[in-house]
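Before anything else, here's the structure in question.
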Amino acid sequence: MCPNLDIVVPKLLEERSWAAPAGGGAALPDLGLGGVLRVGMPLSPMLAKMQSSYGAMLETFKGRAFLAEHKYDGMRAQVHVVLGAAGGRREVRIFSRNSEDITDRFSDVAEAILESTPAGKDAIFDGEVCAVDRSKAPAQLLPFQSLARRPKGPTGRSATGERAAEVCVYLFDCLYHGGESMVKAPYRARREFLRSAAALSPRPGFVEYAEGDVIEGDGAEEAVEAAMLRSIERGCEGLMCKLLDGPASAYEPSKRSDSWVKLKKDYIDGIADSLDLVPIGAWYGNGRKAGWYSPVLLAAYDPETDTFQSVCRVMSGFTDEMYTKLTLFYAGKVLAGKQKKRRKPEAAEGAGSGDSGDKGEPTGRLLPRKPPNYITNESCRVWFDACEVWTIRGAEFSLSPTHMCAQGRIACAAGRGLALRFPRFLHERPDKTTAEATTPAQILELYTKQHGAEKPAAAAGYDDDDDDIL
DNA sequence: GCTGGCTGCCC
DNA sequence: ATTCTGC
DNA sequence: GCAGAATGGGCAGCCAGC
């Protein structure tokens, strides 16, 4: 329970460089309300605006210098180095993006920070903690899932007995140091300071600097593309592009500032793959989506076994109009708007066949029950007749206990399938039949390529699918 | 003691 | 996290 | 342009129930 006052009071931070209370905290009733940084009290991290093309990003920087930094796929970490009362023993606290204290979960990071920072100086750093495999030369970045499997408590014991993943923190900013706030300083200065011995002594595989390229002048576009490719090879999600100079490059807590732009690789034309999936079921939407099907369960089609294997649910990317059309198409009628408030299913349930008090069964294109060739651990409220194809885009695939795509073909993952992270609907694919949908084998190949960083396997020529040609 | 559901948090 | 909608 | 709503995948932890 951290008092997250930065969120409650998103003040304009009239930060001064006098933030340092020379004599100690006694006279600081302020809880962050005044915008005064306090080591040990988390401030809301600065956020980035998302853009989906190099062109749009370059446009926002308008020729000014910026940093094209790797966007690591881990957890945001605001690292505080707190001085003890006597100025002696230091303590490290680590806060999540939402200002939760996650020090216990990453006590190894905390210790590494202690070793990497000079005595007698308090500090606040910003960075990303990632699961890594240190047996590789430069520590190999591991998927987010590895990081998520870390135990939450201080005990560090994992129920399954598997050892927790090693982690490394990639630092990219310094907000405060030695009693001085740095948030008003230009990013270039903050970064340079962070990279000086006065602030930190990095330790490979434990405490590192976020990788980034300074880009300015001609050839910016080529430089950004190159940075993006490097980031992808490294196993990152894309780029964080940050304005380097001037007051606009200050650190603005809790703001989704224009001076930070994120470019995720799965949005960039020519890099992202999309999938052609089949809607096989749905639930009833809540709130403003009451009366519509939402979300919708999607599946890949395996012609070898004639099965539809679920890959994800999707609810993003539909306009209200599409919802109306979709619902009418499958239900064959307008659904009665549900009550505003949804209630707990209680213990009722009893498998997905009952459909409690629903009237019409096989109306429209609904099926009376889940067909045996729909392979999923989901229990949809209604099952669709698999009859169309939608183009879906997402980030990577994860091993799933719920979605059974390619289940049985994945080495070392008995009983698990593949699921798509961050799925969103792009458009219908009226020119494709369900038999032409993306197959589990294709998805398995994409999965293998994504973390099988072992082999760069450049091409492996992949079937297209996608195309949002306009 | 193991399992399933639910909560809370990460992205 | 993402997307669309409404102010 | 921004806030709000409705949800995406997935994990650890905790508690109820068998």
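In what follows, chains are A, B, ... by sequence order, proteins preceding strands, each numbered from 1.
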Margin query: Measuring only the C1' atom in each nucleotide, how far is D:dT7 from B:dC10? A whole number of Å is fine.
Written below: 16 Å

From the candidates D:dG13, D:dG8, C:dT3, the one with an atom nearest any side-chain atom of A:Pro295 is D:dG8

**Asked** When you check the phosphate oxygens OP1 and OP2 of D:dG9, does a side-chain N or O of A:Ser398 lie under 4.0 Å from one of them?
**Response** no

Among C:dT3, B:dC11, D:dA12, the one nearest any side-chain atom of A:Arg76 is B:dC11

Is it the case that atom NZ in A:Lys370 sees more than 12 heavy atoms from other parts of the structure closer than 6.0 Å? yes

Just to confirm, is there a sub-4.0 Å distance from OP1 or OP2 of C:dA1 to any side-chain nitrogen or oxygen of A:Arg97?
yes

A:Arg393 atom CZ is separated from D:dG8 atom C1', nearest whole Å, by 17 Å

Below 4.0 angstrom from OP1 or OP2 of D:dG9, is there any side-chain N or O of A:Gln145? no

Inset, instruction - Determine whether the side chains of A:Asp126 and A:Tyr251 contain a donor N or O and an acceptor N or O closer than 3.5 Å. - result: yes

Which of A:Trp283, A:Phe384, A:Tyr330 passes ring pair (Phe, Tyr, Trp, His ring centres under 6.0 Å) with A:Tyr293? Answer is A:Phe384

### Message
Can you tell me if A:Lys264 touches the phosphate of C:dA1, counting only side-chain N or O atoms and a distance under 4.0 Å to OP1 or OP2?
### Response
no

(Q) Can you see if the side chain of A:Tyr267 gets near the phosphate of C:dT3 - specifically, an N or O under 4.0 Å from OP1 or OP2? (A) yes

